Structure formats: C-alpha cells, structure tokens
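The structure presented is a predicted model; accordingly, all values stated were derived computationally and were not measured. Letters go in sequence order (proteins before strands), and every chain restarts at 1.
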Amino acid sequence: MMITFGCIREEDITLEQRMHQLTNQLMCPVCDAQTIDGSNAQISQDMRAKVRELLQEGKSNSEIKDYFVLRYGEDILAAPKGIGFNLLAWIMPIFIVLGGISIAFLALKNMRRSNTQATLIGTPKQHELSKYLKQVDTDLGIHEDKNSEDYNPNNQSVDEIKS
Amino acid sequence: MVIILEITIALLSIAVIAYPFLRSEKYKSIFEKLGTRDKILAERLRIYSKIHDLEAELSSGDLTNSEFLLMRDELRMSAAKLLKQESEPPISVSGNELEAEVARQREQSRQASEDRDL
Amino acid sequence: MAELGTMALLIGLGVTTYSLLGSVIGVKIGLPELIVSSRRALYMSILSASVASTTLIAAFVQNEFAIKYVADHSNTIMDRAYVWVAFYSGNEGSLLYIVLILSIISAISVRFAPKQLARSMPWTIAILAGVQLFYFFVLSFFANPFELLETVPAEGRGINPLLTHPGMFSHPPLLMGGLIAITIPFAFSSGALLAGNYGDDWVNVARISAILSWAVLGTGMLLGAWWAYTILGWGGYWAWDPIENVALMPWLVMTAFAHSIMVQKRRGMFRMWNVALLNIAFVLAQLGMFINRGGPVVSVHSFASSTLGMIFLGFMMFALIFAFTLFLWRMPHLKSDRAMESFLSREASFLVNNFLFLAVMGITLWGVLFPLFSDLARDVSVSVSAPYFNRANGPVLLGIVVMMGVGPLLPWRKASSRSLRQWFIWPTAVGILTILVLLGLGVKRPVAIFSFGVIAFVAFAILEEWARGTMARHRNGENWAKAWWKLVNGNRPRHGGYIVHISILMLGLGIIGTNFYQQRTDGALEIGQSLVLDNYRIEYVDNGDSSRPDRIAKWAEISVYNIDVNSYATEKSAAKAQGSTGFTLNDSTRRPGDRLISQINPWHGFYLDFNMASVRSGIRSTIIEDLYVIPRDFLPDGRVSLAVSINPLAWWLWAAGPIFILGTMVALWPQAADRPNTQVRRRMIRESDI
C-alpha cells in the first residue's frame, strides 16, 4: 500500500517534473556512473533534449525508457527492470531482510534457551570463601550490618556464611 | 647528500630495532612481572574501586540502600574468590583456565555494576 | 630525491617484514627481546613512511617533473596550497598516504594499549605489521610514486580540477584514513583470538579505536556529500556510486559494532558476533581498496585504470580467509556469559538493529556486485544506481530509525509492561500527532509524512529521557543546565550516542526533504532575464570572466528575489499549461511583493587539458530550504544555461555534521568511573610494591 502511495501518478505532475524523474533514471553512456541528469556531457544534453521531445509527443515514461533501451542497451537504465534475470536484483533485498530478521530471532530464541543452565553453573562454593571474604571486608573497611537480609533474594546471605 | 640521508635512516632503524637485544635482562624481568598473580591482584583492586564507586553513589543518593547492598555483596564475593586464588599455589592452575576465571570474575563484578545504568 | 623516497619505502618493507616475523617467532620460541624488538620495528615504519611522504611533498613543492607522479598531478600554475591534495590525488600517492596514516595510528594504539593485553600484543603487532607490509610491498614494486620519466617535461599535467576545492583538503584523507583505521580494532580482536586471550580485555580498546575510525569515516563521507553538493554540480549529494558504497558498507558494519560492543561490555554477551562484525568490516574495507584501484566497477571516483586490481583482490581474499578461519577456529571459546532474558530488552533490540544494518550492507553489496553477475551470467551489462538503492534500502533505513527510538527506551535484561507503557506512551503520541498535523496541513507524500512521524517519535524519546533525568536532578537543587550536563556526564557512551542519534535524525530530515519535495526547473537566460520557480525569482544580472591559462571560466551574477506568487499568476498558469514547473521572464522589472534576498555568483569552468567541466553552484540556504543554482553552461549566444532547484531541509544535512562529531567525542571521552579512585589507586601502588 505504501509503495503505491509513494509513487506519483504520471498525470498528476507537470511534464517538467516527469522529465527530471526520467533523466534521473537514465545513465549517461559515456560517463562513469552518472545519470544524464547530473552529467554535462554533450550526449547527456542531447538525451535530455530527446526526453523532453518524447514527453511532448505524449509518450509514457515506460515508452521513453524502452526507446533508450532499444538504442543504447539495458545498461542505460539506472536501475534494472524487475523482469527476467533482473528480477533477481529486486528479490534479493527482500530475502536479505527476511533472512536477517529470521536469523536474529532464531539467535534470540537460542540465547534464551541456554539461559537456564548458565545461571545454575555460576554459583560458587561459598562456605570455602568465608575466610577470604573477611579479608576483603577488612581491606575495604566494611562493618557488616544486619539490614542485608531483607533484600537478599537467594537467602544465601553473605552474613549467614560468615557466621 | 642523499646517500648520507639514506644510510642514516637505515642505521637508525637498525639501531632502534636491535636495542632490546643489548638490554636483555631488563626485558626478561618485565615479562616475568606480567605473571598471572599480578593480573588477579589488579582485577581484585579494580573490584575494590568499583565498591568505592558504589559507596559514593549511595551517599549521593543515586542508589537505594538495598540496591547498594545487593551489588556490593556480589562484588565482595568476586573479590573473595580472587583473593582465594591469590593465596593458592600458582602451579595448580594453567594459564588458560586462569584467563577464563579472571574473565568470569570480571563478568560477575560487571553484572553488579551495570544495574546502575538502568 | 626520488632515490631517497624509493629507499625509504624499501626500508619500510624491511622493518614491517621484520616486525611481522619477529613477533610470531618471538612468541613461538619465547624470546622477549625479539618481541620487544619487533614492536620497535613497527614504530620505525613511521620513519620510513614519513620520509617517503616528505620526499614526495618536497618534490611537488619543487616541481620535480622528472618524477612521473609529480608531472601527472601538478603543474607550475597550481596554487601551492593544493600540494597537499596533489599528494594523495593519484593511485600511488594515496597508497603512500594510507601507509603513513596506518603506521602512525598503529604505533599510537600499540603504545597506549592497556597492560592487560600484554599477552596478545605480539599478535596484534604482527597483524598491524602484516597490513603495513602489504602496502609497502605494493608501493615498492607495483605503484612506486617515485618512478622517473625518461624525458623531463617542462610542465606538469596539473591537478584534477574536481579536486581544487577546500573540501578536498579533508574529504579524501578522512575517508582513506577512516577505512584503513578499521585495521586497528580488527588487529586487537584477532590478536586476542590468536593469543587465546578470550576475556574481554580487548573490548575497550577495540571500542575506542572502532568508534574513532567510524567517526572519521562518517565525517569523511559527510564532507564528500557536502563537496558534491557545492561543486560537482549535479545537484545531489549522494549518488550511490560504487566508491561511496564501499565506504558506506564498512561504516554500517562499524555502526552495528558500536552498538553491540556495549552489550559485550555490559552483559558479556555477543562475543562471537562482535568479532564477526570486525572481521566483516575489515574485509569490506579491503574490498573498498580493491574497487577503488582498478576494480571491475565503474565509478566517478576510481583512479585511472590500474593493474593493481588483482593484487588488491588477492589481499582481500587473503584477509577474508584469514579472518574467518581464525574466527571459526576460536569460536568455541567465544560463548556468551549469559543468555537473553527477554525479547523486550535492550540487548535484543541491539541484535535486531545489528541485523538491519547488515541488511542495508548486504543490499548495497548486492547492488554493487549485481552488474558483474549480470555480465557473467548472461553477458548483458546493466546499471545499478541511485533509483535502485533508494528503493531497496529506503525501507530498511526507515526501520533502523524506528529501532533508534525503540532501543533506548528498553532497559537491559527485561522490560516490564509497566515501564513499556510509561516510556512509550509519550513518544508514540508525539509521533502520531506529527503525522496528523502534517496531514492536516495538506502536506503530500505519505511515505515522507510517515518518516517525519518516526523522526518525531525518536526525537521525543531522547528528549523524554533527558527531561526525566534532568528533572530528577533538578529536584535535588541543581540548575537545569548543570543537571543535564551531569546526566550526560554520568554515562557518556549512552548520552553521546543519543547526541549522535540526533545528528542522524537531522540527516534524515535532509534526506527526506531533498528526496521527496525537491522542485526543479531548467532555463537559459540572457542578461536581464529572470527565471521563476515557486516563490523565487532569479535574475541574471551580469557575468564576469575568470579564465586562467588552464581553464576557460566564467561566473554569473544572479539576484535572488522572494516573490508574491499572485503577482505572477498569469505567467504561472501559462507555464503550467505547457507542462513546465518554472518559467522565464523577459522583463525583470520588480512587481509588488518582490523582495531581494540574496546575491549569488555561481561559477563554471572548463579545463582544457582534462576536457572536463567544473562548476560551483550558487546556494542561498535557510533552515527551511535551499535555493540551488547550477550554471550548466555559458552558451555561445551569450545566454547562461541554468538548472535551478529548491531543496527543502538541505541545511539540516550539513548541520548534522558538527553534532555528529560532538556526540562521538562525548561518547569516547574517558569515563571518570573507569579510573580507580584515588584512595584505591594509592592502595594499588602500595600493594604492587610488595
């Protein structure tokens, strides 16, 4: 739906606007990677004049493009038409996006599953540590108070271990 | 003139590169100092500094008391584990395992500190 | 002179070879002296590269046309300031520039790398030396800038006229520097893997160097766009030219990396992914070098056809195989510390944003390579240019902008539905409101309106977060400015990121404005005639000649008037009936409502030796829209042929640049919390003495 909205219908705009649309879709045959709209080469100027002439004759955009394809070959179009082999150019991006998104979601799912195990493994043997914990507290000058029981989720309060 | 310049550059390069071989002892000692024990010590001190940061945040009111205690205790546990390793004889642990252990400890201490970002 | 340069290159080749081999052998046989000596050899490559560069620049200054490169890229009438540009304006010089930059940033990053990385440093050094070795090798044997001519010409060919613009002092060097700087984070991550150092020690240094290269590359691209807009004279700023694309692709991957590395830093996840991203970015940078130098794809930027293509292709393939073999070998050690807790979390949103960035990269790569496939598969050449990329990438880019709003609103780990409601309700409302207001104002183009809505959503999401944080601090008695600054300071990576996001939104405004709402007309004017487009009238007042021996150049003096459209209603409807957007007036007398707003002097030059035209457009810029005048040609009958356009919101494109740089600087500024506080540092010193 959005794509049809995005395109302007040919009859809604002036011939000049259509001309600029077209000149942006045709490559300059003698320049490197420039459209005839941007190029000042003689052939681009002639092609621009031809586009204008064809528009005034009442040709449609696709008729004009075909006219140039017939004379200069397919590479005169700045973007390949979505037919035949060139359809591949247009379909691939869709695959890339869909593929990317699905890989992302698979990865997310995968990462969630491994979660449960990861949390179980990491738990340390805390009773062995009490001696060192005291040393840490002396290093830091911490004098333990009893508030800590209120919040400790695992009930494996450090204070219990210490005592 | 150009020849002299060229020779100077070449000689200078060789001199700078060869220098370490003339001062072997110094570099040997530096490399030995980069032992694993120092690594653990540095890591433990880093955890200490994180705990001090937490204390500062508690006093500035960025953390509630319970949040502070929860995070600090995680860090304390990590520090205690490192301390335990420091007091153990170093032969028992191979280099790679130590790396892994240090990384794990660091991870745990980070877990505690990251909550500040929420 | 030339001999000195060649010699310096050979010495560079020697020291980097030594550095590469010495590091590897030193680690393998455990010889610390050799390792230290190899590191010093890496430092010494700066000497070689800078002697060679100085020699080349001196040759330019002294007009030594005996050196082929100098004769090809400068002449005696060239403004001396452009010696710096001439230095890298050709294939050989630009390679020399690249190796100069690489040698300097390699040394800096090795010198200031954190001490924890000691174990992987020799490997990092080996990689850095290896890349430098490749460039010194190419410079010494295949693209020597000091090659001599048999007969010394009296005058050089001169610098490419397209490059004589102040923008050229910074655009190419930043672009090349940014591309090659990707080597640094890659060397740190791969060095750590080679050494079997699987911890996160390399993360900080890789993040900083990656963001620096990313910022330099981004600034370079933006300057290139600005240069194209003001000088190339095709009225655009981004052409999806292959060379632009090969700079954009690694930039996109590095953008993804800048996000996902934070997940590793904070949560110990995405380890594999981050390494893979750096690998991809590095290989893409090499692809850029390849396509730039004799690659198979045509481009306005490419250096004159060179035989270097195969060598660079070979190096790119080698980089690809090396990086990913290493990655696959070490992959089992790169497990995440913990798992994703929820789809609605910041880490999940970063993953999605990463894939969107990679999708844009993939589509762009596909577009760049498709002409080759077409050639190979059915022997028909096709062009893939701007219309393709705009349509194929546009929706994905919009998706990235949406994620830019969503991601920061989600907390780490897991979002509760309450916090979702709390954070999303206002930005979404503002976004929808924007769309409704634009529709109410009768603005056309639904896609553009939707995009404006998205931009408003993202902007408000950032503002909301700043507002809440600032208000919370303000309540504690700090004044507003101080409270905001403290908020930003509290977490610089995050808030610097938001500032960058704002600059991206500004870019978005400019891109949408110029792509969807541009108005254009062409016309040829005699002196005294005017051209009217929308509510502007431009009058061709006079012209002047500024030819020099190497060019025929003219400038036009043009007055820009703001007009009351009603005064020109008759002509306008006549023009519309003929199908044109603008119209020409023979009589330039002022009508009611005309107001002179600007004088512009667009310029057009034709360079005889290069058979090439160069123009400087006349621009009258406001934050709403630019009036943009390109002198296409001064015709023999005395008229000037003009292409005139109104480019809405173009100003925002260039205003985004400084904001982008500011945001990067904030994000990279060392965080106070990273440094241990003094008390502990004192203790550290005490304990390490024991």
Quiz item: Are A:F85 and C:F370 close enough that their ring centres sit under 6.0 Å apart?
Solution: yes
Quiz prompt | Least distance between heavy atoms, A:M47 atom then A:M27 atom | solution = CE-O, 3.9 Å
Self-check item: Part of C:N393 lying under 4.5 Å from any heavy atom of chain A
Solution: neither
Quiz item: Can you tell which of A:A89, A:G73, A:G100, A:P80 has the highest number of heavy-atom pairs within less than 4.5 Å of chain C?
Solution: A:A89
Exercise. Could you check which of C:A359, C:S381, C:G367 has the highest count of heavy-atom pairs closer than 4.5 Å to chain A?
Key: C:S381
Quiz prompt | Residue part contacting chain A, namely of C:Y388, when any heavy atom lies under 4.5 Å | solution = both
Quiz item: With only heavy atoms counted, which part of C:V384 is less than 4.5 Å from chain A, the side chain, the backbone, both or neither?
Solution: both
Quiz prompt | Heavy-atom pairs under 4.5 Å with chain C, option from A:I101, A:V97, A:L15 with the top count | solution = A:L15
Quiz item: What heavy-atom pair brings A:K81 and A:W90 nearest, and what distance separates the two atoms?
Solution: C-NE1, 4.0 Å
Quiz item: Is it the backbone or the side chain of C:T521 that comes under 4.5 Å from a heavy atom of chain A, or both, or neither?
Solution: both
Exercise. Please answer whether the main-chain N or O of C:S645 pairs with a side-chain N or O of C:Q519 as donor and acceptor at a distance below 3.5 Å.
Key: no
Quiz prompt | Donor + acceptor pair across side chains of C:T514, C:Y237 (<3.5 Å) | solution = yes
Quiz item: Counting heavy-atom pairs under 4.5 Å to chain C, which of A:P93, A:A107, A:A79 comes out on top?
Solution: A:P93
Quiz prompt | Presence of salt bridge, C:R520 and A:D37, under 4.0 angstrom | solution = yes
Self-check item: Among C:S383, C:A643, C:P387, C:S385, residue most engaged with chain A (heavy-atom pairs, under 4.5 Å)
Solution: C:S383
Quiz item: Is atom OH of C:Y517 surrounded by more than 12 heavy atoms (other residues, nucleotides or ligands) closer than 6.0 Å?
Solution: yes
Quiz prompt | Structural part of A:I94 lying under 4.5 Å from a heavy atom of chain C | solution = neither
Quiz prompt | C:W273 and C:F355 aromatic ring geometry - parallel, tilted or perpendicular at 30°/60° bounds | solution = parallel
Self-check item: Among A:D75, A:N24, A:L77, residue most engaged with chain C (heavy-atom pairs, under 4.5 Å)
Solution: A:D75
